[in-house]
2 protein chains.
Amino acid sequence: MLTDRQLLILQVIVDDFIRSAQPVGSRSLSKKEGITFSSATIRNEMADLEEMGYLEKTHTSSGRVPSEKGYRYYVDHLLSPQVLTKHDISVIKSIFAEKIFEFEKIIQKSAKILSDLTNYTSIVLGPAVSENKLKKIQIIPLNKDTAVAIFVTDTGHVENRTLSLPASVDASDIEKIVNILNERLTGVPVEDLNDKIYKEVAVLLKQHIHEHDVMLHTLAQLLKVPVTEKLFFGGKMNMLSMPEFHDITKIRNLLTIIDQEEWISNLRNNAKGIHVKIGSENNISAMEECSLITATYSAGDEKLGTIAILGPTRMEYSRVISLLQFFSRDLTAVLTKLYQSE
Amino acid sequence: MLTDRQLLILQVIVDDFIRSAQPVGSRSLSKKEGITFSSATIRNEMADLEEMGYLEKTHTSSGRVPSEKGYRYYVDHLLSPQVLTKHDISVIKSIFAEKIFEFEKIIQKSAKILSDLTNYTSIVLGPAVSENKLKKIQIIPLNKDTAVAIFVTDTGHVENRTLSLPASVDASDIEKIVNILNERLTGVPVEDLNDKIYKEVAVLLKQHIHEHDVMLHTLAQLLKVPVTEKLFFGGKMNMLSMPEFHDITKIRNLLTIIDQEEWISNLRNNAKGIHVKIGSENNISAMEECSLITATYSAGDEKLGTIAILGPTRMEYSRVISLLQFFSRDLTAVLTKLYQSE
DNA sequence: GTTAGCACTCATCAATTGAGAGTGCTAATT
DNA sequence: AATTAGCACTCTCAATTGATGAGTGCTAAC
C-alpha cells in the first residue's frame, strides 16, 4: 500500500509531467508548493515508487516519468475533478444553439469543438444504424435499367444504393415491390432486414412479381453492403504538435491507425459512462503512447453513440473527463427532449 | 534558347533528382550514361542553366537542384511518356471488375488504387452535384414534428435533410407539397432549385397549403445548406515518407491544407485533359513544395469529375501523367457505356 | 526517519576536426 | 574557340571532445 506521502509525490509527478512533458527530478519537485520534505527524501520515495512500478526513468540519471501503472493509479485514485471555465461551458453550449436540428451537423460540430477545447483528437460516433428500425423504403428509377434504393430509418438516417434493374421489370412492378417491402419491413431493425427478406418477402414477391428470383437476389445484394455508420473526427493533426510524436514514423503509424475504422467500431460496444484506456490497454501497438477516453450519449435510457478523445498517455485526464462528462450530459438532454416527442 | 547539350543536362539532372532527392553534382553527372563530356564542361553549362533560372543550389558548394522553372520546362518539353507495366494496367482494370456498379464505391476504390500505384496522395472528385438535375423529391415524416427530405438527382446522387414540421401541417399537406415540388422541380439543376422555389413553387403553395409561408421558409432553408460533393482521398499519409517533408511543421501545414475542401472544389473548374501545377503555381503556401497533376473524366462528351495526384515537386511526372491518362480514359469509357443507355 | 553531502551518470550543447563532395576559375590542350 | 585538367576554396556532415547541468544512489550525520 502507498503512504500518503507517496501518493502526494506520485500525484505531483504526474501533474507536472502532464504539463511539461519533461521527466521530473527530485530537486525541482522539492521546490513545489505543498512539498515540505527534502529532495533526498523524495529520491528515496521515488526509488520505492519505481520499484513498485508506478514510475520509470528514461535513462539512469534522469528524472522520473509515470509508468502506465502510474497513470492508471492516478486516474483511478488521485484525480481531482477539474472545474470547467465559463468559456468551456459556453463553447459547448454553442453546439446546440442552431435552430435547424440536423443530427449529422451536430455531431460533426461536436467533434470539431471537442478537439479545439482539448487540443487532442476527437472521435464522435453517431447512433448505430444497424440497430435503427426501418421507417421507409423507396426505389426511384433513374433510367431503364438503373434505379436508386433509399432506406430511411426511424432516427432519420438515410441509406442509399444503386441497383440495376432486370430488363423485364417495369414501373408497376417496382411500385408493387416497394409496397410489399414497406408493408413487411417497416419497424424491422436494419441488421435483421436480410433475414426478413428471405423469410417473409420472398414468398410475397413470388406471388406478385414475374422476375421474383432476380429481384430477390438484387435486393439481398443491396442489403449485404454494410451500412455507412456516421463517424466524425476533429483535430487529427493535433497529435502532430505533441512532443512525444516528434518522430515521423510514430506519427505515420498513429495517423494510419486512426484512419482505419475497425478499432473505432469496437467503441460502440462500450457500456454507458466514461472509460479511460491507457497506453497498451488499447491493444494497438501504434497507440501504446496514447490514451483514449470515451463517453456515451443517450436519448432517454437508450444509449445512442460514443464520443472519444485520443491524446498522449500524458493527457490532461482531469480536464478531458470533465469536458466529456459535461458534453455528454448536455447532448443527452437535448436528444432526450427531441426524441420523447415521438 | 537552350542548346541540345543544356537540354540533355537539364533532363538528366531532373530525372536524377526525382529519383534520389539528392542535389546532383557535376562529377556524378559526368559518369552517367549518354554524357560524353567532362565534369568541368558540365559545371560551365550548369552555371549557365542556373543563371537562366532552371537550376538552383542549396548552398554555395552543393550540387544543383531543379528550380520551379526547371520543372516547368521539363514537364513542357522534356517529358518522355512512360510505358505502363502490365501490373499497372491490370491493377487499374481491377477497379472496374466488380459487377454491382456503385459509383461511389468505384471512385473510392480509384482513390485508393491510384495512391498505391504512385505512392503519392490521390484526390478523386465525383460529379458536381450542383449541376445534376433533380429527379425526385420525397418527404418522409419521422414523428409528428420532424421529417426527412430526400432529393435524388439524375445521376443517382441522394441528398437528405432533416426538417421540423410546423404543428399544423399534416400528412395530406405533405403529400400535396411533395407533388407540387416534383411537378415543378423535376429536371431542374440543383443549383437553381432555390430560385425556382421562390419563382414557381411559392405561388402554388399559397393556393394549396394553409401554412404556406412557414413551409416555404423551411424548404428554402433546406436548399441553402450546400450539397455534399463526393470527394475521396487515398494515401494521405504517403506524404509523410517523402524526405522533403521530414519536417513536422511542414507536414502539419500540408496535411491541414489537404483536409480543407475549399481549394479542392476549385479543381472542378478545370478544363478537360491533364494539367500540371508545380509548386507555387498552386497559390497555396503550404503547397509550395508540391505539385498537383489533375485529369478529368467524362461520360460521353460531358465532363463529370476530376482526379488529382498530389506529390512533392520532385514528382515522377512522367509516370503519374501516364497513369492518369490511362485511368481517366478507362473510367470515361465505362461511364460512357453506362450513361448512353439512358 | 530525515537530510546534507558527495561521487557518479547521463544528456545536451558548443566547438573542433577531417573527410568528402562540390564549385569556380585559370591555364593548358585539342 | 571550345573543352578539359588542375587547383584552391567552400560548405555539409559526421565524429570527437569537453564543459555544463540535472539527476541519481548511497552514506553518514542529524
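Throughout, protein chains are lettered first and strands after them, A, B, ... in sequence-line order, and every chain is numbered starting at 1. Owing to the predicted nature of the structure, the values given are computational and were not obtained by experimental measurement.
The listed nucleotides are C:dG24, D:dG23, D:dT3; the one nearest the side chain of A:S28 is D:dG23. Candidate nucleotides D:dG23, D:dG25, C:dT23 were compared by shortest atom distance to the side chain of B:M46, and C:dT23 ranks first.
In the model, A:T121 has no side-chain atom that pairs as donor or acceptor with a side-chain atom of A:N238 under 3.5 Å. Between the side chains of A:R27 and A:S39, no donor-acceptor pair of N or O atoms lies under 3.5 Å. A donor atom on one side chain and an acceptor atom on the other are not found under 3.5 Å apart for B:T313 and B:E68. At a cut-off of 3.5 Å, with distance as the only test, a side-chain donor of B:S241 or A:R252 sits close to an acceptor on the other residue. There is a side-chain donor-acceptor pair under 3.5 Å between B:T85 and B:D88. Between the side chains of A:S291 and A:Y317, at least one donor N or O lies within less than 3.5 Å of an accepting N or O.
Atom CD of A:Q22 is separated from atom P of C:dC10 by 19 Å (rounded to the nearest Å). Rounded to whole angstrom, the span from the CG atom of A:L29 across to the P atom of C:dT3 amounts to 14 Å. Whole-Å rounding puts the A:R27 CZ to C:dC6 P distance at 15 Å. Between the NZ atom of A:K57 and the P atom of D:dT24 there is a distance of 8 Å, rounded to whole Å. Computed from coordinates, the A:I35 CD1 to C:dT3 C1' distance equals 16 Å when rounded to whole Å. For A:I42 and D:dA22, the CD1 to C1' distance is 15 Å, given to the nearest whole Å. The distance from atom NE2 of B:H59 to atom C1' of D:dC9 is 13 Å, rounded to the nearest whole Å. Here D:dC26 presents its C1' atom at 16 Å from CD of A:E45, a figure rounded to the nearest Å.
Overall bending of the helix from C:dG1-D:dC30 to C:dT30-D:dA1, expressed as the angle between end axes built from five pairs apiece, is 20° (10° steps).
Between the side chain of B:S61 and the base of C:dT23 there is no donor-acceptor pair of N/O atoms closer than 3.5 Å. Side-chain atoms of A:R43 come within donor-acceptor range of the base of C:dG5, with a qualifying N/O pair under 3.5 Å.
For B:S62, no side-chain nitrogen or oxygen approaches OP1 or OP2 of C:dG22 to under 4.0 Å. Remark: A:R5 is not in phosphate contact with C:dG1, judged by side-chain N or O atoms under 4.0 Å from OP1 or OP2. Residue B:S26 places at least one side-chain N or O closer than 4.0 Å to OP1 or OP2 of C:dT23.
The 5' end of DNA chain D is approached more closely, in terms of each residue's nearest nucleotide, by B:T36 than by the other of A:E50 and B:T36. Residue order along DNA chain D, read from the 5' end via each residue's closest nucleotide, puts B:A40 first among B:A40 and A:T60.
Between B:P312 and B:E289 there is no side-chain heavy-atom pair separated by less than 4.5 Å.
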